[in-house]
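Working notes, structure below.
Quick note on labels: first sequence line is chain A, next is B, and so on, each numbered from 1. Below, all heavy atoms of this structure are taken into account, side chains as well, without hydrogens, waters or symmetry copies.
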Amino acid sequence: MGLIRTCLFNWAYARHAGGSFVFRIEDTDQERDSEDSYKMIVQALKWLGLDWDEGAEIGGPHAPYRQSQRLDIYKTVVEKLLESGFAYKSFSTPEEIQARNEAAGRPKQMGYDGFDRNLTPAQIEEFEASGRKPSIRLRMPNDDITFTDLVRGAVTFKAGSIPDFVVVRANGQPLYTLVNPVDDALMEINYILRGEDLLSSTSRQIALYNALLELGIAKTMPKFGHLPYVMGEGNKKLSKRDPESNLFLHRENGMIPEGLLNYLALLGWSIAPDRDVFTVDELIKEFEPGSVLANPAKFDAKKCTAINAEHIRRLDADDFKQRVVPYLYGNISEPLLELDLIKQLQSSEPEMPHLTAHKPLTSSDEYDELTDHERRVLDLGAPLIQERIRLLGQAREMLGFLLVDSDALEYEDDALDQVKKISGAREVVQKALELLETVQQDAFTAANLHDKLNQLLVVECGLKPRVAFTPLRVAISGRRVSPPLFESMEILRKLQVVVRLKKFISTPSLII
RNA sequence: GCCCCCAUCGUCUAGCGGCCUAGGACUCUGCCCUUUCACGGCAGCAACACGGAUUCGAAUUCCGUUGGGGGUACCA
């Protein structure tokens, strides 16, 4: 979630300012990077609609955009850094550095001591002759480093507080510390919004950047803005392992991109004092990094869902219907979900609905592959639930009873509890059944059913509407909560309604 | 140890010296609407971490304290 929020703000500001949004993959750590995680990121951005103007997948003027494919470039830059003296070869191993620090009585947390800063050519030759491979370090300048953070204002790092840092491993692999500023320079990045975990390392990057500037590799120093963390439970940064941070789980649950993006934008930013529901277009129009708050925000699933609900209600009716399709049977599997990585992340299985699914759907736009019955349920049912659900996943709870065979309908416990509080529930259903059997299918409309049942049960029998209709709802839906009763009956049609009422009356477990 | 960042209701935030007996949203509670649920409407609970300083006046400026977070890696 944190990464998405960061991405969203970058994207929004690029769109706001008329710039381009560049999507680069920083995969310099072979140990950790995988093709799966790459695919997942691409898939996530596409689903969210965060499109990019140049970068991975689509190319652009600064290709390639995966750092694993830019190794030659880094090699050239490093040579220049070395020649000009901005960087130097360092033969000290971490163990040696620590040993020297301890011997000199410095705290063991102390970092690199600058031992190799001024090795003579002869010393370097000697080390190399002995078979030692150097790492390469950047020579930190002896001045304070100050920059103006887009969200925090002026930030100053004291001179001498940052040791010379490694930019290339002894094995020749360039590190993020080198590669990130180099690519920013080469790709002419001028605005960078990133996580606050990178705030401290900005001092090092600026030092490197200054060297690149002098070498003519960089044209201008980019502006940095460090976004606060998105926190999880406790007061810890939301980690990749937290289910709440898993985009695909949110999608499974039925968050829609509009809702998620809106909620995420609310973390550290606000569009107006008295409003918190807005579209991405409105976000783009108003967003400025300068108005982002500097303090961390906690991810609140309840509010996130509430915002999502607002966006579901705003959906065009037809759009809503289409989006519900993949959730009808609680399965929105896509090829991506076959990835092992996703499977791991989703080890906490979303609970399956009570209804017995007869077939899984495989993608989000298979409305046409629905059966006639399913399509009818959706066409008529979707408008009834659009105001009632907060997550698309709840569609299956709301419409499931309309899709399931009457024999397979199960009564939920809390629905039965409700019925049991009503004495004479069985008689009510019996009366309704007798009445409905006289109604022709072509008169089996919500309005007509409402009139007739109301007349019989409420007016003639003097029952409270609650007493009259609760047993009927449970009889046809098996649930305490359902779409409106009469509309549901109309969708079900006379035959099924009759079958269900009979089933209810004759179910022995319903001792009423 | 050293360096850096942060601090308003439970949560997200508005507030950029007087409009603040601190506003909105989510959550929660009560009520209304209602065939259930939801929507909608109304009401309520609930916050400026602490201490100094500046000022006629401070949530808003400055300093300090406390508390949280990050960096200090041949991770990103």
query: Heavy atoms under 4.0 Å, any strand shown: does A/Ser90 hit a base, just sugar-phosphate, or nothing?
result: nothing
- request: Report yes if some heavy atom in the side chain of A/Thr93 is under 4.5 Å from a heavy atom in the side chain of A/Arg132; otherwise report no.
  value: yes
A/Arg388, nearest nucleotide to its side chain (from B/rU35, B/rC12, B/rC37): B/rC37
statement: Per atom distances to the A/Glu387 side chain, the nearest of B/rA38, B/rA25, B/rC75 is B/rA38
task: Measure from the side-chain heavy atoms of A/Met110 and tell me the nearest of B/rG1, B/rG24, B/rU13.
output: B/rG1
task: Look at all strands and tell whether A/Arg390 reaches a base, only sugar-phosphate, or nothing, counting heavy atoms closer than 4.0 Å.
output: sugar-phosphate
message: Between the base of B/rU35 and the side chain of A/Arg466, is one N or O donor paired with an acceptor at under 3.5 angstrom?
response: no
- prompt: Picking from B/rU13, B/rG70, B/rU11, which would you name as closest to the side chain of A/Asp300?
  reply: B/rU11
task: Indicate whether any N or O donor in one side chain lies under 3.5 Å from an N or O acceptor in the other, for A/Arg194 and A/Thr202.
output: yes
field: Nearest-angstrom distance, P atom, B/rA46 to B/rU13
entry: 23 Å
message: Distance criterion of 3.5 Å, no angle test: do you see the side chain of A/Ser201 paired donor-to-acceptor with the base of B/rG71?
response: no
statement: If pairing means Watson-Crick or G-U wobble with both distances under 3.5 Å, then the partner of B/rC33 is none
- request: Could you tell me which nucleotide pairs with B/rG1 by Watson-Crick or G-U wobble geometry, both distances under 3.5 Å, or answer none if nothing does?
  value: B/rU72
- prompt: Can you check whether A/Arg479 has a side-chain N or O nearer than 4.0 Å to OP1 or OP2 of B/rC37?
  reply: no
message: At less than 4.0 Å, is any side-chain N or O atom of A/Arg194 found next to OP1 or OP2 of B/rA76? Yes or no.
response: no
message: Between the side chains of A/Arg137 and A/Asp116, is the shortest nitrogen-to-carboxylate-oxygen separation below 4.0 Å, so that they form an ion pair?
response: no
message: B/rU72, OP1 or OP2 - any side-chain N/O from A/Ser161 closer than 4.0 Å?
response: no
- request: Would you mind telling me which of B/rC6, B/rG24, B/rC75 lies closest to the side-chain atoms of A/Leu175?
  value: B/rC75
message: Using a 6.0 Å cut-off, check whether atom CG of A/Asn171 has over 12 heavy atoms from anything other than its own residue.
response: yes
message: Please classify the nucleic acid contact of A/Pro228 as base, sugar-phosphate, or nothing, using heavy-atom distances under 4.0 Å.
response: nothing
query: Do A/Asp300 and A/Tyr263 have a side chain donor and acceptor closer than 3.5 Å?
result: no
field: Who pairs with B/rA25 - Watson-Crick or G-U, where each distance is under 3.5 Å
entry: B/rU11
message: Whether A/Ser270 contacts B/rA14 is assessed here as follows: a side-chain N or O lying under 4.0 Å from the phosphate OP1 or OP2. Is that the case?
response: yes
- prompt: Reckon A/Asn295 has a side-chain N or O less than 4.0 Å from the OP1 or OP2 of B/rU8?
  reply: yes
- prompt: Between A/Thr93 and A/Arg204, which is nearer to the 5' end of RNA chain B once each is assigned its nearest nucleotide?
  reply: A/Arg204
- prompt: Is A/Arg480 side chain donor-acceptor paired with the B/rC37 base, going by distance under 3.5 Å alone?
  reply: no
task: Let me know, please, whether A/Pro484 or A/Lys302 comes out on the 5' side of the other along RNA chain B by nearest nucleotide.
output: A/Lys302
- request: Under 4.0 Å between any heavy atoms, over every strand shown, what does A/Ser488 touch: base, sugar-phosphate, or nothing? Just pick one.
  value: nothing
